[in-house]
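Remember, it's a predicted structure, so these values are computed and weren't measured experimentally.
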Amino acid sequence: MAAALERSFIEICGFERETLHRVREATVDLGLTSLPGGVKFPDSAGAFHYEESGKLLSVTSNRFIHWSTSGDAVQLVEQSLDTNLLNNAVKLRFTHCSVLPGGVTIQETLNNVIILISTNQSVHRMVLPHPTRMYRSELVTELHMQSIFTDVGKLSLQDPSHSAIIPSSVGQTGSPSTSTAWLSYQGEAHYALASPAGGIMVVTLPPHDTQGSVSVVELKRSSMMTRLSGWMPTAIRGDQGLADLVVSLAVRELEEDSFIFALCQDHKLRMWSFREQACLLEVDMLEYIPACKGVKRLSGQGHRLRLAFSSTTGLCVSVYLAIPQRGQFTVLQLVATDNNRYSLEHISSLFTTQETLVNFALTSTDIWGLWVDDSNSTVVKYINFEHNTAGQWNQVFVQPPPEEEVHIGVDQDPRETYLEFLFSPLRFTAAAIVKALQIYRRGSERITDLSWDALKKEVTVAVETELQSSVTEFEFSQEEYRQLQVEFWSRFYACCLQYQEALSMPLGLTVSPHTNMVCLLKKGFVSFLLPCFAVDHLYLSYDEYLFSEEETPITEDPDVGRDILQLVQCLRLVSDAVSGEMAYEMEKALEHLESPETAAELVLENMLSNDNDNVIEDIQNKLQDVRNPMAAMVALLREMDLETDSEVAGEGPIAPGQSLNMRISLSQLYGSSSAVSVVCQAVCHMAMTRALFCRDLLILQKLYLRFGDNVFLGGGAQLLQLQQELIPRSSQLLSTYYLLKHISQSLASSVPMDIIDANLQHLTVLELSDTPALSANRSVLGPQTVVELFYQTVARKMIISQMYSQQQTNSLLLWTHMISNVVHLLAQLLWPSNPGFQFPECLMANCQYTQLQEYVRLIGPWCQVNIGSCRFMLGQCYLANGEGQKALQCFQEAATEVEKEEFLMRLTSTEEEEAASTPRLQYYNKVLRLLEDVGLPELVIQLASLAITEAVNDVSSQAALWTRIFKHHLDLGHNSEAYEALTQNPDSSMQLDCLRQLVVVLCERSQLQDLVQFPYVNLHDEVVSIIESRARGLDLLAHNYYDLLYAFHINRHNYRKAGTVMFEFGMRLGREVRTRLGLQKQANCYLAALNCLRLIRPEYAWIVQPASGAVYERPGASPKRNADGEFSSEPAVKHQVDILELKDLEKEYILSRSRLTLAQHHPPSAAVAGSASAVEMVALLVQTGLFDSALSLCQTFKLNLTPVFEGLAFKCIKLQLGGDEAQNEAWSWLAANQLSSITNTKESSATDEAWRLLASYLDRYPSSNGHHHRCVINKLLSHGVPLPDWLVRSYKVVDAASLLRLYLNFDLLDAAAELVLEYMDALLGRGHQYFGIERPLSATSSSAWLPYTSIDQLLQALSETQTNSGVYNKVRDKLDDYHKLVDKTTKRRLLTR
């Protein structure tokens, strides 16, 4: 239901938000000098409204220009209620000139806005672009746009085509007293000036885009019209001259002629035709004054003249006649008769007792008057000049000046209280505070453009500095210091009051003919007049009006209406009886959430005890006249209650069915900072007025209860209704309006970017990012109240949507209808008992946490709507302030309302496929995500534990919650609790995931003790599987999963498994970690594996080894495809399994030790040693010179020792043939082998030591048939190295025949011959011991033999060479000797048989 409106208006001051208004200045100097006598004209103001300012689709919608004049200056400001205009203020100074009353006129053409200015010595014209020509596109989407004054600095204002000096003549004294100007259809600029000698002078400038000269015409009764180049000299003296003096001028173009209306000092109104240059009409205004005796002698200086034209009424003229004590407005209508004759028809005469008229405006129906009374207070009234009853003017409630004294409670800090008063959005303009500060500082420095907060700091510093400098004593009591504070702050406050009063001085008022918007133009700012709601009107009305009213729009029932008026009169008496002290106490009670009813009782008690003027008796008498007080109260309460069932239009696009142009225009409507300020201050004033209304009504109701049946005709039933229904309603309304008043004055905080980012992240987590976030169009002009912030970011769009869903979009923007709707709808959006929750949402989205906390605190005791949503918001505030435990408490309290409140339902609605089973669980999930995002794991655990109790029948939700609890316990290092949560998880796959995470995290933290000791009931195999897969899938040196698995099995006494793990670890190390460190670890692993198996009974001391490749396949590899992604051709067969016993492990250990030895002596070999077999290792060891290790390995694996001996022999050869460098290098590998401890007296070389080593090995490792000797000798001879004697000697003993064959193989015939000779000698008995022959050849000895084949080969070879014939003969002879002996011996043996 729309709120009932009254005929009255209320003034709302849209204070500017900047500390200093940014006004650009320009000076126009035509080289004039000041006129003698220096007439000073009063300051004046006026305004121009664009023709299309009432059209929604126009770029000039709700746009106007207002100006003020003072001395030689004109300040022009362009203002819009839809967009913020940049560079919109300019101040022009006209050197040595004074701007005339009525000296500023603004008119628009298709392409231009033209400003005509008249001073006492010159006339000026400014040609500016029209707004419709300034923007390339018809669609203006920015919140900020350039004003028409943007390029005013580029204009050449002194140019002769735009400025002219008023011609003067010798006999003239003084200057024009008033003026008006207009633009003709041809584009000429005409300036009508009131001549100081009587008559009118019209100065004409040619059209701005054509060449031409200035012309001047004088219109005067005493002469015919004459074209002049200067003022017409007149010799008229005395009364006639003064009578003709024009005091007010107005002009109107009709039918290609310009009619100039002049109101003269002789009280006559004359109408001149500019085309005819003749006076067409003269009317004596005294004819319209009843009892005009003596008026004729009065001066007509205070008279005023205004015109209004409309298509229905034609041209109306209103004349104000300034007669002391009974000023009169006379409205006349211009009527045309035949032959171009005109007459004025009297429409209405209206009277007023106001003393000093400042200005008045005439519309086609109304007269608006602006006065200043004897106490210098502003008075504004208006009246319909055709339809008014008994000349009754309608009230306009102007804003009173700020309180002269600030009440400071005993519990309040004076500085804080004064600062709150000074910087509240309602009382003082920034300009007043800045000027007061400059004076207070004694003008020591200019105050530059400060921010609002900086200005507050400057004021505080200035007052405190002044206080400190005045203190002479070092010590004084707290009470004395408080008194000093009050004294100095009240002094500064008085200074501010003085300047605020100066800036509030009214200069004029303007009524838009297109939108009916009424503005008061004051010296320092512009205020707007808004239609007054019926309830507010009743409470604010002046007594004389209230007592004369007979009906009210609050109700259609005339009886109830009369009762309401009577009741309001009683309320006025109550209001007057409430002392300032008690009003303050009541305010404090509301702030501290005490019961309003109790507070009202206390106020009533105070009234009764201090009733010196018998007010209570007066009230009681008045109450007797109220026939049905219940109905009257119900009607009043219903009118004030803004609760509505209908939801305000949502947050979708504005007017979705309309064109783009229309939607853009609607998106900007009432969006400028001026409109924001006006709308929100209107809500604030409404809240302030109604809070007082509810307070007085509550006191009156308490008084009713006290009077009882004395004033109630209906008796007990009505008293019961009053007590049980009406008093609680009044109490709640009082609290609600107090809340609205509080938030309307509560300033929004500026928010650092990091907090904004964090908040946006939280909103994203809650999936509320489509909620109003920080608006890009937030005003940069200073502090906003939180209501302004809400209106600007959220509410305006919703309000305009709702308004235009119910009305035609092409309708005119009628101010009274539009603004009252906007204010009412905004108040409904703010009304806490309505289901909408947009305001707290907006506060949260814009990080206004302190204000949101205060809001929730204030509505807590009495608002039963959106309780859960408020608790949730409070939780958000606590979170932002780092009070997590309190936040959790609030979130838990909000959970009970999840399915009842729209905001919480929207919060819990989710698009996820696997939504939780109940809304409450969805809510818990959202909050848990929020707490996780903020980083409060302890609270997540607490809330998740609570949520589990809700999810009794929902296994998936339980699993998710247990997983959350597990995760956060694990993150916090609560390992046991994490394990406990893991075991509680009903979902096996999630449980496995958690188990995997537990293993990984504890490993990374090296908390292996915990990991190994958990019991893992029913999870043992899974743990092993996880650790195994991790062990096999990750880098061996970076992670110690094998060690963990080993410890795990050892802890459970599963030694075979532990051994298997270590063995596998060792095998992988050999393959994958080709470093000395890896080989060291491999050796240790095998040792550990051996240790494990030795702890088991022998029959069980074995492990299973998967065949090559089974353990080391790449994790995740496809069983069917090879590395190239192709199908494997080999059939998938089961891998063979090998059993390894203790002895096999010992072999592997020795092999690994030899690998480590190799890597220690020759690090590069580590890369190949890791996976080398025993045979390969022998070769590597021999190559490196580690012969001891090689021999040991050969014996362990039962390998042939030949490679070792060959390798050592080769080393000896190299040393023998090499130089000193080879000798030096040899010592390193020689040192690695154990040499026999035979002491030599002489120093031996590395070569000697190598040969010694070889000799010792040949002794230590004998072989059948001297195999080792043979391979060594073969190696030496193959390299052409002469055989060492010791080698030959030792091999002779073993196998002389083989030695012979070797000699023959290498063509060593001499050595072979010598060997044969020696061998035969040995057989013959000489040196037989050197050949291992026990006894020489004899009949009793065992049979002897000779390698005849080899000897034959030798003889054959010797016989073929001439050089060896002597040797051949020797051998031959020796052989013959041998044969003889053999023959003899044989015969002897035979004989002995």
Side-chain angles (χ1 to χ4, degrees), residues 102 178 180 182 184-185 190 192 194 198-200 202 217-225 240 243-293 295-296 298 300 303-323 327-351 360-367 383-388 391 513:
T178 186
T180 189
W182 74 100
S184 68
Y185 292 124
H190 304 290
I200 303 166
V202 182
V217 171
E218 185 177 16
L219 305 177
K220 197 165 175 62
R221 282 189 309 147
S222 57
S223 65
M224 295 298 289
M225 315 80 57
Q240 179 59 40
D244 202 14
L245 187 67
V246 177
V247 293
S248 188
L249 280 167
V251 68
R252 176 75 197 185
E253 276 202 295
L254 287 172
E255 300 171 4
E256 298 186 4
D257 193 2
S258 300
F259 296 117
I260 303 170
F261 293 84
L263 184 59
C264 301
Q265 200 161 266
D266 59 1
H267 315 297
K268 289 183 179 173
L269 174 65
R270 298 182 175 89
M271 184 177 89
W272 296 81
S273 164
F274 181 63
R275 186 178 63 186
E276 312 259 335
Q277 299 189 356
C279 180
L280 304 181
L281 190 63
E282 183 175 296
V283 178
D284 187 354
M285 296 309 298
L286 297 179
E287 293 175 10
Y288 300 106
I289 299 180
C292 62
K293 218 178 254 184
V295 174
K296 195 171 179 69
L298 294 171
H303 297 344
R304 296 277 191 281
L305 169 64
R306 294 287 182 271
L307 302 181
F309 179 82
S310 77
S311 54
T312 53
T313 58
L315 185 65
C316 287
V317 183
S318 178
V319 174
Y320 173 73
L321 299 172
I323 303 162
Q328 175 181 328
F329 292 93
T330 305
V331 183
L332 307 166
Q333 185 176 4
L334 184 66
V335 180
T337 56
D338 296 337
N339 303 326
N340 280 348
R341 292 187 177 278
Y342 294 90
S343 65
L344 288 169
E345 184 180 309
H346 180 256
I347 302 287
S348 178
S349 289
L350 305 160
F351 301 96
F360 81 96
L362 178 69
T363 71
S364 56
T365 56
D366 300 317
I367 293 174
I383 192 167
N384 184 305
F385 56 73
E386 285 187 292
H387 312 290
N388 60 76

Axial cation check for Phe309 ring with Arg252, 6.0 Å and 45° limits
yes
Are Asp284 and Asp266 close enough that some pair of their side-chain heavy atoms sits under 4.5 Å apart?
no
With a 4.5 Å limit on heavy-atom distance, are the side chains of Phe385 and Asp366 in contact?
no
Excluding sequence neighbours, so at least two apart, what forms side chain to side chain donor-acceptor pair (under 3.5 Å) with Ser348?
none
Test side chain to side chain donor-acceptor pair (under 3.5 Å) applied to Ser310 - qualifying residues, sequence neighbours left out:
Thr312, Thr313
Decide yes or no for Leu362 and Leu307: does some side-chain heavy atom of the first lie under 4.5 Å from some side-chain heavy atom of the second?
no
Residues in side chain to side chain donor-acceptor pair (under 3.5 Å) contact with Glu282, at least two apart in sequence or another chain:
Arg270
Residues which pass ring pair (Phe, Tyr, Trp, His ring centres under 6.0 Å) with Phe259, listed by chain and number, not counting sequence neighbours
Tyr342
Determine whether Val246 and Leu263 make a side-chain contact, defined as any pair of heavy atoms from C-beta on separated by less than 4.5 Å.
no
Work out which heavy atom in Lys220 is nearest to a heavy atom in Gly198; give both atom names and the distance.
NZ-O, 3.2 Å
So Val317 and Leu344, do their side chains get closer than 4.5 Å, heavy atoms only?
yes
Judged by atom type as modelled, is there a donor-acceptor pair below 3.5 Å linking the side chain of His303 to the main-chain atoms of Ala322?
yes
Are side-chain heavy atoms of Met285 and Val283 found at a separation under 4.5 Å?
yes
Please confirm whether the backbone N or O of Leu305 pairs with a side-chain atom of Ser248, one donor and one acceptor, at under 3.5 Å?
yes
Under a 4.5 Å cut-off applied to non-hydrogen side-chain atoms, are Leu332 and Ile347 in contact?
no
Could you work out, with ring pair (Phe, Tyr, Trp, His ring centres under 6.0 Å) as the rule, every residue matching Phe261, not counting sequence neighbours?
none
Name all residues meeting the side-chain contact (heavy atoms from CB on, under 4.5 Å) criterion together with Thr365; count only those two or more places apart in sequence or in a different chain, and write none if there are none.
Thr363, Asn384
How would you list, by chain and number, every residue that makes a ring pair (Phe, Tyr, Trp, His ring centres under 6.0 Å) with Tyr320, sequence neighbours excluded?
Phe329
Residues passing the side chain to side chain donor-acceptor pair (under 3.5 Å) test with Thr330, sequence neighbours excluded, are Gln328
Is there side-chain contact between Ile367 and Phe360, with heavy atoms separated by less than 4.5 Å?
yes
